[in-house]
There are 2 protein chains.
Amino acid sequence: MANVKDVAKLAKVSVGTVSKVLNNDPTVKPKNREKVMKAIEKLNYVPNIHAKNLSSGKTNMISIISPTIGDEFHERLVSAIDEVLSKNGYDSVFFPLLSRDRLERVSSPSHFLYQTDGLIVSSLSLTKMFKDNKFPTPKPYILVDTRDEMNDCIFVDNYHGGVLAAKNIKIYPNSDIYILGGYESDEVFSSGVFSERLNGFIDELVNQRGISKKRIKVIEVALSWKESFEVGRNIIKNQKKRFSVFALSDIIAFGFIEGAKSEDMFPGKDYSIIGYDDLSFAESIKLSTVRQPIELLGQTAAELLIEKITNHSNEKIQKCLKPKYIERKSN
Amino acid sequence: MANVKDVAKLAKVSVGTVSKVLNNDPTVKPKNREKVMKAIEKLNYVPNIHAKNLSSGKTNMISIISPTIGDEFHERLVSAIDEVLSKNGYDSVFFPLLSRDRLERVSSPSHFLYQTDGLIVSSLSLTKMFKDNKFPTPKPYILVDTRDEMNDCIFVDNYHGGVLAAKNIKIYPNSDIYILGGYESDEVFSSGVFSERLNGFIDELVNQRGISKKRIKVIEVALSWKESFEVGRNIIKNQKKRFSVFALSDIIAFGFIEGAKSEDMFPGKDYSIIGYDDLSFAESIKLSTVRQPIELLGQTAAELLIEKITNHSNEKIQKCLKPKYIERKSN
DNA sequence: CTGAAAGCGCTTACAG
DNA sequence: CTGAAAGCGCTTACAG
């Protein structure tokens, strides 16, 4: 593998000049630039990125950490983030957690992810794992989709989302009201958003709509279509009259609806249901839901991080976006 | 930020010894190891990963490239890959393509992703973008879920998967047979798997089951639940008798089924349908499908890559796994 | 506008 | 088992 020295020798210039050409420094004379380009071409030279990172002290990369991949929420969030980063000259590199084992590896302060120019951490309350509740890095970072008073963060008002669902959900006389979801199997993998939605929902129902707490039943389901399908089937079996459901995610709502359908019960007719997120399928299946501004969340996170990097600003960021209730046929 | 020198000074040893402690070299005397550990603790020392990468010439990281995130197939594939890599002391770093813009950035030979210890490239035929159809890196790599005669690869026999669907699908007298999917909007984003499934299906239908080509209709749909839902609704409108559908992915099958349901037509009753992949929801919705061994695909890819790295072996890899037809109620 | 040289923070033979 | 020193391949003031 050729290096800058080889290129410099062949082009008959100094390594400093080669470096300048590589970095588009406008002070290089066109003639020299051309000589260098030719040498690069001829030697099939590719700059060593690790040397560059080391000597320049920056990477032009931003680490993005998310609990999983494989769901629409994070795909959209991450795409929105990447778009803004890209416009600002940064590239993104992804670290989905995937498993407990990987979480462990990724928590080592010397892991690569802490040595890019900044981090965006999505839907996780990882800071609990570290000393002083801070990530083990001097690099700037921002948390997304989680509220964390000790760190810069941007999130959607999940409590208010729950309130919106409670304000709008149809309730039948003396019927049960189910809350589906909220099960966060592993504390560090959780962001707390589910319990905030749940709290907002219950508070509004009890305090404003005067619903007795006894009528509200929380069913813990993982964020899994399949598991929610099973819940849909099983709950249905014990139901004799119309009831109401607040699913803490559209995924859960969708699974539940299909499970219920398999027992011949239909949303908007045999029961009312409101989901959360407004994912792409929600409109097709006519699911009433609480919409999160996913793209805006990602864009804003990226913009705030870039601002932190460029201005070395240290003011605390606690930004809150608002969700919106979307009425469809299921409620 | 403290560095090895600071640690060495405080621990009263040489930097070489510090480095050995950092890398768990057993030849360090316990006493010295302890002194170093204490100094590390005291100084809050974190090794600079870029310096380490540069001087050691390796990263212990493997780049994983995939077209998208947000789908179950890639989540499972990537998780399986990561598990095997982890057991062998490697960490994985992800580069989903997400967009054309990002693809462009990521195609630069000097991009970080080409300078890890190896690459696994999933569901893409990116090699067309580069000289000699090879990735611009001396590092070993392997392609997954795509057949590429010029490069090492591991894939599932998609042609055979199409044949399996054709062998098993129920066909009604004089009825139409639809193939859904196969639309690959951007050549470099495609892996060619859809057209192989399609070819296997048609060949078997025409040559073995004696079906006239005229009865077979290909409807191009993107790999999108929502778009497939619309197709389900629209096709249904023109259908007066029972028909058959081969969906080139379970996602497409699922969307189609729901769209059809919204017009009161049901799989296994008003039409027959076979999907592809056997994703987690397939069993719940009773979808007959062609199962791909997704985890095995990922594991094997990771194992083969590690073998290439450790043995510097250069023998060509063209590994083919077999799919399996799963009968459920939809067909 | 260019070149010589120091420096980034590690690892790795090698001598002892 | 340890230390001194060279080396990895870049960037970056600085002198000219």
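The chains referred to below are lettered A, B, ... by the order of the sequence lines, with proteins before strands, and numbering in each begins at 1. Reckoned from all heavy atoms, side chains included, excluding hydrogens, waters and symmetry mates.
Side-chain polar atoms of A/Asn151 and A/Tyr141 form a donor-acceptor pair below 3.5 angstrom. For the residue pair B/Asp101 and A/Ser86, a side-chain donor N or O sits within less than 3.5 Å of a side-chain acceptor on the partner. Side-chain contact annotation: A/Thr27 with A/Asp25, donor-acceptor N/O pair under 3.5 Å present. No side-chain donor-acceptor contact under 3.5 Å links B/Thr59 and B/Asn53.
Side chain of B/Val4, nearest nucleotide from C/dG9, D/dG3, C/dC1: C/dG9. The side chain of B/Ser14 lies closest to D/dA4, out of D/dT11, D/dA4, C/dT12. Nearest to the side-chain atoms of A/Tyr45 among the listed nucleotides D/dC10, C/dC1, C/dT11 stands D/dC10. The side chain of B/Asn3 lies closest to C/dC10 when the candidates are C/dC10, C/dA5, D/dC10.
The aromatic rings of A/Phe112 and B/His50 stand perpendicular to each other, their planes meeting at an angle above 60°, with 30° marking the opposite boundary. Taking the six-membered ring where tryptophan is involved, the planes of A/Tyr114 and A/Phe135 are tilted, since the angle between them lies from 30° to 60°.
In this structure, A/Thr17 reaches the sugar-phosphate backbone alone: every heavy-atom distance under 4.0 Å involves primed, P, OP1 or OP2 atoms, never a base. B/Val18 comes within contact range of no nucleotide atom at all, as no heavy-atom separation falls under 4.0 Å. Within the nucleic acid shown, A/Lys5 has no heavy atom closer than 4.0 Å to any nucleic acid atom. Contact annotation for B/Asn53: no contact, since no heavy-atom pair falls under 4.0 Å across all strands.
As rounded to whole Å, 11 Å separates atom P of C/dT11 from atom CG of B/Asp25. Atom NE2 in B/His50 sits roughly 17 Å away from atom P in D/dG9 (whole-Å rounding). Rounded to an integer number of Å, the gap from A/Asn48 CG to D/dG7 P is 17 Å. Summarising the geometry, the separation between CG on A/Leu54 and P on C/dT11 is reported as 12 Å, rounded to the nearest angstrom. Nucleotide D/dG9 holds its C1' atom 14 Å from the NZ atom of A/Lys9, rounded to whole Å. Following rounding to the nearest Å, A/Asn60 (CG) and D/dC10 (P) show an atom-to-atom distance of 16 Å. Nucleotide D/dC10 holds its P atom 15 Å from the NZ atom of A/Lys58, rounded to whole Å. The separation between A/Lys52 atom NZ and D/dG9 atom C1' is 12 Å, rounded to whole Å.
Mapped onto DNA chain D by nearest heavy atom, A/Leu22 and B/Lys20 fall at different nucleotides, with B/Lys20 at the one closer to the 5' end. Summary of the strand contacts: A/Pro26 and A/Gly16 both lie near DNA chain C, and taking for each the nucleotide with the nearest heavy atom, the more 5' one is attributed to A/Pro26. Two residues, B/Ser56 and A/Asn23, neighbour DNA chain D, and the one matched to the more 5' nucleotide by heavy-atom proximity is B/Ser56.
Counting atom types as modelled, B/Ser55 pairs no side-chain N or O with a base atom of D/dC8 as donor and acceptor under 3.5 Å.
Here C/dG3 sits opposite D/dC14 as a Watson-Crick or G-U wobble pair (both hydrogen-bonding atom distances under 3.5 Å).
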